[in-house]
Novice: 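Below: one structure in structure tokens.
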Amino acid sequence: MRIDIVRSSLMGYKTVWEEREYLLKLALVPLIVKFVSTILIYAMEIELLSLRHVLCMVPSYIVEGWMIGQFLRTLMTGERWPMKIPKSPTKEHIGFMLWRARGILGVILCFTLVMLIQGGMAVYMTDLKELLEIEPRDTPTASSFPIFIAALAMMFFTIWAFRLVWIYLPLAILMPMGTFLKEIKGIMTSVYMAGVWILSIVPVMFVVMVVSGLFGGGDGSLTGISGFLTIMLHVIGEVAAQLVAITAMTYAFKNILIKHGAKPIFSEPSKPF
């Protein structure tokens, strides 16, 4: 599957900017939970690439999954949180709300699972990197060759499996994951998706790094007011970059999603980007 990387990324930024007021309301609780979780991790001096860190972030993953599920429903159907329920709901209203809740719950559970797997793999890759580190005075031995091959295989698998990170997207409209995976099969799809992801997050995180440097938190020191502001800025930047990336991915797959009932709200520009 071929994806227009630049256009998808630009539509991600454009749509998030247009929906900024709605997203500020939607992201308030996830931002607070993520910020508190991050502060606790630093206060407890938990290593960033450790299983304890991943487990401490589970509450944040859950509320982020809720935010993503709600925003995906907005992107794909135009629905907005909170949904207004009639005082005397009919059977159809109740059925629709239950159907909608199933989609959002599916996104929450799938997103949380994906983040846990990503965190576990990051910890594993860090341990593997430490095993592969060889002192300059040492020479590689035959025993290190299998580890090197395993590292290459893991890198290839990571690229191939990148599209699996986004399998929660179709769950918002209860599109079967198997059908979605068939539509986006092929390693080149993962390469295109990685390009969209990079263009979506790098500009945001670059701005975050520059501004955090002005607070004095760019040297790794996270104490006092400057550290507090740096953590808050990084949390906001991570959530903003995530929303841009998710929006860009949804736009990239909009033709697939439309075939399964989605009615995307993307507003195409009158002039080319």
Novice: If you link I, L, V, M, F, W and Y whenever their side-chain heavy atoms are under 4.5 Å apart, who else ends up in the same group as Val210?
Specialist: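 When side chains under 4.5 Å apart are linked, the cluster holding Val210 also contains Phe206.
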Novice: Please collect all salt bridge (Lys or Arg N to Asp or Glu O under 4.0 Å) contacts where either partner lies in residues 226-254, sequence neighbours excluded, each pair once.
Specialist: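 Only Lys34-Glu238 qualify under salt bridge (Lys or Arg N to Asp or Glu O under 4.0 Å).
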Novice: Measure the shortest side-chain to side-chain distance between Trp197 and Val165 over non-hydrogen atoms and say whether it is less than 4.5 angstrom.
Specialist: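 They are not in contact (no side-chain heavy atoms under 4.5 Å apart), so the answer is no.
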Novice: Hydrophobic cluster mates of Trp17, side-chain heavy atoms under 4.5 angstrom, ILVMFWY only, any path?
Specialist: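 Members besides Trp17: none; it forms no cluster.
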Novice: Run the side chain to side chain contact (heavy atoms under 4.5 Å, CB included) test against Ile85 and tell me which residues pass, sequence neighbours left out.
Specialist: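 Once residues adjacent in sequence are excluded, the partners of Ile85 under the side chain to side chain contact (heavy atoms under 4.5 Å, CB included) criterion are Pro89, Met97.
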Novice: Quick test of your reading: applying salt bridge (Lys or Arg N to Asp or Glu O under 4.0 Å), list the pairs with at least one residue in residues 175-195, sequence neighbours left out, ordered by first then second residue.
Specialist: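 For residues 175-195, and leaving out neighbouring residues, the salt bridge (Lys or Arg N to Asp or Glu O under 4.0 Å) pairs sorted by first residue read Glu183-Lys259.
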Novice: How would you list, by chain and number, every residue that makes a side chain to side chain contact (heavy atoms under 4.5 Å, CB included) with Ala248, sequence neighbours excluded?
Specialist: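 Val196, Ser200.
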Novice: Determine, using ring centers only, whether Phe35 and Phe228 are less than 6.0 Å apart.
Specialist: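 Between Phe228 and Phe35, the centre distance is under 6.0 Å.
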Novice: Among all residues two or more places apart in sequence or in another chain, which pass the side-chain hydrogen bond (donor to acceptor under 3.5 Å, both in side chains) test with Tyr13?
Specialist: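 With neighbours one apart ignored, the set is empty.
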Novice: Determine whether Ile46 and Cys56 make a side-chain contact, defined as any pair of heavy atoms from C-beta on separated by less than 4.5 Å.
Specialist: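 Yes, close enough: below the 4.5 Å cut-off.
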Novice: Apply side-chain hydrogen bond (donor to acceptor under 3.5 Å, both in side chains) to Ser60 and list each qualifying residue two or more places apart in sequence or on a separate chain.
Specialist: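 Here the qualifying residues are Glu64.
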Novice: Not counting sequence neighbours, list each pair that qualifies as a side-chain hydrogen bond (donor to acceptor under 3.5 Å, both in side chains) and has a residue in residues 93-115.
Specialist: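 Those involving residues 93-115 are Gln70-Arg100, Glu79-Arg100, Thr90-His93.
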Novice: Ion pair present between Lys25 and Glu21, side-chain N to carboxylate O less than 4.0 angstrom?
Specialist: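 Answer for the salt bridge query: no.
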Novice: Below 4.5 Å, heavy atoms only, C-beta onward: do Ser212 and Met232 meet side chain to side chain?
Specialist: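 No; the side chains remain at least 4.5 Å from each other.
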Novice: Take Arg2 and Tyr192 through the test side chain to side chain donor-acceptor pair (under 3.5 Å) and record every step on the way to the result.
Specialist: CA-CA 7 Å; Arg2 193 175 185 85; Tyr192 286 127; 2.7 Å; yes
Novice: Which pairs, with at least one residue in residues 198-208 and sequence neighbours excluded, count as a salt bridge (Lys or Arg N to Asp or Glu O under 4.0 Å)?
Specialist: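 Found none.
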Novice: For residues 158-169, which residue pairs qualify under side-chain hydrogen bond (donor to acceptor under 3.5 Å, both in side chains), counting only residues two or more places apart or in two chains?
Specialist: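 For residues 158-169, and leaving out neighbouring residues, the side-chain hydrogen bond (donor to acceptor under 3.5 Å, both in side chains) pairs sorted by first residue read Arg163-Ser190.
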Novice: Any ring pair (Phe, Tyr, Trp, His ring centres under 6.0 Å) pairs touching residues 243-268, not counting sequence neighbours?
Specialist: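 Listed by first then second residue: Phe180-Phe253, Tyr251-Phe266.
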Novice: Any side-chain heavy-atom pair from Pro264 and Met76 closer than 4.5 angstrom?
Specialist: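 Heavy-atom side-chain distance check fails, nothing below 4.5 Å.
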Novice: Kindly indicate whether the side chain of Leu181, heavy atoms from C-beta on, has any atom under 4.5 Å from the side chain of Leu164.
Specialist: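 Side chain of Leu181 against side chain of Leu164, heavy atoms only: contact under 4.5 Å found.
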Novice: Salt-bridge test for Arg80 and Glu19: reply yes if a basic N is under 4.0 Å from a carboxylate O, no otherwise.
Specialist: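 Looking at Glu19 together with Arg80, the answer is yes, because their closest N to O distance falls below 4.0 Å.
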